[in-house]
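First the proteins, then the strands, lettered A, B, ... as listed; each starts at 1.
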Amino acid sequence: MKLERVHDYAWRIPKHGRMNVDGIIYSSERMLNDIRKDESLQQVINVASLPGIVGASLAMPDIHWGYGFPIGGVAAFDIDKGIISPGGVGYDINCGVRLLRTELEVRDIKSKTSEVINQMFRDIPTGVGSHRGDLRLNKDDLDGVLVDGAAWAVSQGYGNADDLDHIEAAGCIQGADPDCVSDRAKKRGCNQPGTLGSGNHFIEMQEVVEIYDEQAANVMGLFPGQLTITIHTGSRGLGHQVCEDHIEVMLKASRKYGIELPDKQLCCAPIKSDEGKHYFAAMAAAANFAFANRQMIMHWVRLAIEKSLQIGPADHCINPIYDIAHNIAKFEEHHVGGVSKRLCVHRKGATRAFPAKHPEVPACYRAIGQPVLIPGDMGRYSFVLVGTDKAMKETFGSSCHGAGRVMSRHKAKKACRGRDIARELEEQGIIVRGASSGTIAEEAPLAYKDVAEVVDCVHNAGIAKKVVKLKPLGVIKG
DNA sequence: ATGTGC
């Protein structure tokens, strides 16, 4: 694969063959070695061939192989000439991250970490197929989740209205239509709001260990030694079913509209076609389910901390900093060739990173830019960054989303055979509770790139700016 | 990621 150096942290695959635009990969030279190990660069090329793609087919340093589109990719499409594709969003629609700040200092609560983790593990269902035994939403309530997202959860007493000001799009994507979500998807979702799921999804207690940007940290209410909590999960079985249902529709639609696909997994439809509109309406509904899910999980996190540390009321001293999707397609205004255009931006394993002063950044962060939340693996670090003007100009206001795998789940499990990863982490002062020991092995730190290296790439490229580093204390895994 | 696999 021939890559032209743009600068130390960006590389170009020049437009050739059926590509409509260049491919641009944001990465250090060293990280390209990992990226070259799978087929993800070919996927960047494949995406560049899709009709109506604008600017470039973009990839972040945490890129790896995914369904059709690479994970860690960004692709923006012209509203009139472009397409929308379920593969450009992924199976876990609105997989995303919510960061909570507390008023607690880690040195005061460190000895109680396992009590807090155990309480959260009891109160929040975790693992494949997990559901809430105490909650089965009827049709009207589930429609409320799908249309109103986090606001529905608040209306039911899960958190308060202030929380909504600290969520991307206030926790509700406009244009969601429950009629575009199949009964099967609804059935899978009706008892899953407020559950964590499996894989790399987690809830983590963390300590603020390093501050890079004092002004931005102050605005976010972050200080050294502080306890923070990260919730990383998505739309569970409902979102998965929405993706599956619409891939089937899109396979037919691609043929119907005569779209030539280098890979069937890129199946898609014109944005303005019925199939395209229906997918967006269903995807938005699943995204709203995920916003409600994280809002409800936060509610039970607040209660678990209140109970285990005997503080309270928890909604006064534990509050969301921000909640952001990293698997989603959105309609956004961007400058293309000096003209403002409305585009459909697919971010799959990529985080929105809008700059200071942007109207879609909540008022409380307008001076510093939108918080960009980057979870790492459970043994190392997570990061908070802010979006930049450069991201707006170069990447449709996007940045990376996490560490990115270097090893398949299967390979990680094999590499961990004979080892007790939970115990090893405990020896490093990190308490781990998981629904299955298999998942803990699959999620072992060795299976991931070093998130610090990923974050340095986007920071040095200027498409996000480092604010703080967080170190894990305790984690719940699926 | 996922009532994990045809």
Under 4.0 angstrom, heavy atoms only, what part of the nucleic acid is E442(A) near: base, sugar-phosphate, or nothing? nothing
In this structure, how many angstroms lie between the C1' atom of dT4(B) and the OH atom of Y91(A), rounded? 12 Å
Nucleotide dT2(B), atom P - distance to CD1 of I247(A) in whole Å: 15 Å
Spacing of H246(A) atom NE2 relative to dT2(B) atom C1', expressed in whole Å: 17 Å
Need one value for H201(A): base, sugar-phosphate or nothing, where a base atom within 4.0 Å counts as base even if backbone is also close, heavy atoms only. sugar-phosphate
Can you tell me how the ring of Y91(A) sits relative to the ring of H240(A), calling it parallel under 30°, perpendicular over 60° and tilted otherwise? tilted
Parallel, tilted or perpendicular: which one describes the rings of H346(A) and F69(A), with boundaries at 30° and 60°? parallel
In whole Å, what is the span from the NE2 atom of H410(A) to the P atom of dT4(B)? 19 Å
Distance in angstrom units between N327(A) CG and dT2(B) P, rounded: 11 Å
Describe the nucleic acid contact of R409(A) in one word from base, sugar-phosphate, nothing, applying a heavy-atom distance below 4.0 Å. sugar-phosphate
Nearest-Å distance, OH (Y67(A)) to P (dT4(B))? 18 Å
What does G237(A) touch in the nucleic acid at a heavy-atom separation under 4.0 angstrom: a base, only the sugar-phosphate, or nothing? sugar-phosphate
Cation-pi check for W300(A) against R132(A): NZ or CZ below 6.0 Å from the six-membered ring centre and within 45 degrees of the axis, yes or no? yes
Atom-pair distance (CG on D92(A); P on dT4(B)), nearest Å: 16 Å
Sugar-phosphate only, base, or nothing, as touched by G199(A) at under 4.0 Å among non-hydrogen atoms: sugar-phosphate
What orientation do F396(A) and H334(A) show, parallel under 30°, tilted 30 to 60°, or perpendicular over 60°? perpendicular
Between the side chain of N327(A) and the main-chain N/O of C95(A), is any donor-acceptor distance below 3.5 Å? no
Figure out the CZ/P separation between R184(A) and dT2(B), and round it to whole Å. 16 Å
Assign S198(A) to base, sugar-phosphate, or nothing according to its heavy-atom contacts below 4.0 angstrom with the strands shown. sugar-phosphate
